[in-house]
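My questions will all concern the structure given below.
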Amino acid sequence: MRLLLVEDDAVIAHELVLRWERNAWAVDVAGTLQAADAMLALRPVDLVVLDLGLPDGDGLHWLARLRRNNRSTPVLVLTARDRVADRVEGLRTGADDYLVKPFAVEELDARVEVLTRRAQRSREDFVQYGQLTWYGNEGRVDIAGQSLVLFPREFEVLGLLVRRAPRLVPKRALIDALAERNLEVSDSAAEVYVSRLRRKLAGSGLAIRTLRGFGYVLEAES
Ligand code: CA
């Protein structure tokens, strides 16, 4: 995991870098907005921790500019500006979280973990396996660039299989995952979805194998 800390207070920056490197997180530190731009251009990061009062400008303006061409990198604002109006403005400008100084480092760490976990999950919403591409956020599946027409439950089942492929998905896990999405499913219904999917995948180079008594595996045919 790589973080970019934009902070001109050398004491805070030093303390956080020491702490985060102990967590085995890689940290780039920028003391100015200009340095932050240069570092982001050099390599992408998993999270930006952003002070607002910086020597060469206001962190909020920088954030607004960042959001115009980078919607996905999570940003946590860390600032002494503690009014409700400041927090609201920070979040509306595109911050994913907002923590007021003075702060407890344990709380900052916990918030960093939440944001990076969330980002990780949304990356998992795009999966490629063999000729198949599964777009979780868009409810879409392509095979060799051709769209595959699926019903919602078939889509969820295929999503589960493709995210674990080529590993086994226990039948129970499949039923539980559908139940979590408020899609009620019986044991035999799960089999029905799998057999429908199997028909739709025919000729795609992908096959769903049943391991009787265990579950299902999505395999790329050789
Ligand atoms: Ca500052």
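What you are looking at is a predicted structure, and each value in this text was computed from that prediction instead of being measured. Just follow the structure's listing: the first ligand is 1, and inside any ligand the first atom is 1.
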Check: From the Ca ion (ligand 1), how many protein N/O/S atoms are found at a distance short of 3.0 Å?
Finding: 3
Notebook entry, point to check: What ring-ring contact (aromatic ring centres under 6.0 Å, His included) pairs are there with at least one residue in residues 29-67, not counting sequence neighbours?
Noted result: none
Margin query: So does L33 get a backbone contact from the side chain of D56, meaning a donor-acceptor N/O pair under 3.5 Å?
Written below: yes
Next item on the list: Establish, from distance only, whether the side-chain atoms of W20 and D109 form a donor-acceptor pair under 3.5 Å.
Entry: yes
Pair up each side-chain donor or acceptor in residues 82-95 with any protein partner under 3.5 Å, not counting sequence neighbours, and list the distances.
from : atom 1 : to  : atom 2 : distance (Å)
R83  : NE     : D86 : OD2    : 3.2
R83  : NH2    : D86 : OD1    : 2.9
D86  : OD2    : R83 : N      : 3.3
R87  : NH2    : D82 : O      : 3.4
T93  : OG1    : E89 : O      : 2.6

Next item on the list: For D46 and R2, indicate whether the former's side chain and the latter's backbone hold a donor-acceptor pair under 3.5 Å.
Entry: yes
Next item on the list: State which residues pass side-chain hydrogen bond (donor to acceptor under 3.5 Å, both in side chains) with R22; sequence neighbours excluded, sorted by chain then number.
Entry: none
